[in-house]
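Nothing here was measured: the structure is a model prediction, and the numbers come from that model. Order of appearance sets the numbers: ligands from 1, and atoms from 1 within every ligand. Each residue takes its place number in the sequence, starting with 1.
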Amino acid sequence: MMTAAKQPSGTWIPGPILGIETSCDETAASVLAADGAVLSNIIMSQHDVHRRFGGVVPELASRAHIESIEEVSSAALQQAGLVWTELTGIAVTQGPGLAGALLVGVNYAKALAYALNIPFAGVSHLEGHIASAWLQDPTFPLPCVVLVVSGGHTHLYFKEPSGHCRLLGATRDDAAGEAFDKGAQLLGLEYPGGPAIDRLARQGNPHTIMFPRSYLKNGSLDFSFSGLKTALLYKLQAMDEQLSAAQAADMAAGYQEAIVDILVKKSFAAVRASGARALAVVGGVSANSRLRALLQQRAISENLQLSLPPLAYCTDNAAMIAAAGRQALRAGLHAPLTIDAQASMASSFAQTI
Ligand code: KG4
Ligand code: ZN
């Protein structure tokens, strides 16, 4: 078995680390400094490649990652003002994600770690999103509740002072991002649907067209969004004529409000139930302007600390992967270069911040 050779004992002296992310439709690379500061964060989005198909086409995603990975990684290094040999570690998203897309990043990262003879970490994309809450403020307190809301996840965790995450609730059907994307498709908006609904909803009234909220049984911290999507479909089918621009905006605003309302209520219910005094909200949907506004208002009124990462750290990026990889390397979790991409990787949540 081949292991990273510079510190075979598993000890790692923190230095610049390169993170690489290719799990879906963003090719991203980022360099963190020895103290964890973000020196560069390069994201090459493939939205233009997938837009005309209305969603991510896995084969096209893999090809686009292959075409961009070298350029994106070099740009991250250059922006950080470093040369390859100054890197002391490599972190890459090992899973979950699209198998072919993950393979590009994992193999590129392994080759780099081998050539540079430096330690290597394969990290979970989900742990990366969670780590993004501490990128800007490493002193954000624990314990806290973490809501991960992305295209694939709607998960509420309690993050203990040790850094261990305990699952409090999760979606039983669609993820919040999926609800945005599918709703956008029904409304005839372009991919990716979340930002499109966010933009359109700003021109609408969220209370003109009401959508049902599914809270599940009393006290449940699970989520369900599939009924909401069906409600939108029925409302659209019941329209006699084509939606006017104003009606479309009201529809988007009402639909968004239902998703956001549930996310906010369940997050604050989790905070109350857990006794934590801090909440972190991460993942692509945390870029939503209405969600951010409501979370900020409520955090102020309840006197809670809130971590809402800057937009560049909400949607997929490699700074969060480098941060999770940095934690892994510091904990001595150096991966062998024999690891493979894991499309349905589960999280260990053993790492500490
Ligand atoms: O974290 P992310 O980039 O990728 C995954 O790990 O899934 O999240 C992507 C999801 C997509 O569903 C996208 O529509 C949603 O995040 N999203 C948004 C916004 N920006 C991205 N949803 C609502 N409002 C936004 N502004
Ligand atoms: Zn993501």
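- Side chains of Asn288 and Gln256: a donor on one and an acceptor on the other come within 3.5 Å.
- For the residue pair Ser224 and Asp173, a side-chain donor N or O sits within less than 3.5 Å of a side-chain acceptor on the partner.
- Look at Cys24 and you'll find every heavy atom at least 4.0 Å from all atoms of ligand 1.
- Residue contact check: Gly152 has heavy atoms under 4.0 Å from atoms 7 (O) of ligand 1.
- Of all protein heavy atoms, the one lying nearest to atom 24 (N) of ligand 1 is Asn288 ND2, 3.0 Å.
- Atoms of ligand 1 lying under 4.0 Å from any heavy atom of Gly177, numbered from 1 in the order shown and given with element: 12 (O).
- With sequence neighbours excluded, the residues that form a side chain to side chain contact (heavy atoms under 4.5 Å, CB included) with Val271 are Val145, Leu279, Leu304.
- When the options Asp198, Asp181, Asp316 are ranked by their closest heavy atom to atom 12 (O) of ligand 1, first place goes to Asp181.
- There is a side-chain donor-acceptor pair under 3.5 Å between Asp316 and His129.
- Residues His164 and Glu160 bring no donor and acceptor atom of their side chains to less than 3.5 Å of each other.
- Judged by the 6.0 Å distance and 45° axis criteria, Arg166 is not positioned over the aromatic ring of Tyr157.
- No part of His153 comes within 4.0 Å of ligand 1, judged by heavy-atom distances.
- Annotation: cation-pi geometry not satisfied between Lys229 and Phe211 (NZ/CZ under 6.0 angstrom from ring centroid, within 45° of ring axis).
- In terms of the salt bridge (charged side-chain N to carboxylate O under 4.0 Å, His left out) criterion, residue partners of Glu190 (sequence neighbours excluded) are, by chain and number, Arg51.
- For atom 22 (N) of ligand 1, the candidate residues are Cys314, Ala184, Gly194; the nearest heavy-atom contact is made by Gly194.
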Full working for salt bridge (charged side-chain N to carboxylate O under 4.0 Å, His left out) between Arg290 and Asp198: CA-CA 8 Å; Arg290 181 71 179 152; Asp198 192 345; over 6 Å; no
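- For Ser307 and Gln305, the side-chain atoms include no donor-acceptor pair closer than 3.5 Å.
- Taking every heavy atom of Thr315 and a limit of under 4.0 angstrom, the matching atoms of ligand 1 come to 3 (O), 21 (C).
- At least one heavy atom of His129 sits closer than 4.0 Å to an atom of ligand 1.
- Looking from atom 8 (O) of ligand 1 to the surrounding protein, the closest heavy atom is Gly284 CA, 3.3 Å.
- The closest side-chain donor-acceptor pair between Tyr191 and Gln185, if any, does not fall under 3.5 angstrom.
- Applying the salt bridge (charged side-chain N to carboxylate O under 4.0 Å, His left out) rule to Arg199 yields no partners; only residues at least two apart in sequence or on another chain are considered.
- Protein heavy atom in closest approach to atom 7 (O) of ligand 1: Gly151 N, 2.8 Å.
- Around the Zn ion (ligand 2), protein N, O or S atoms at a distance under 2.8 Å total 3; waters are neither shown nor counted.
- Under a 4.0 Å heavy-atom criterion, His125 is in contact with ligand 1.
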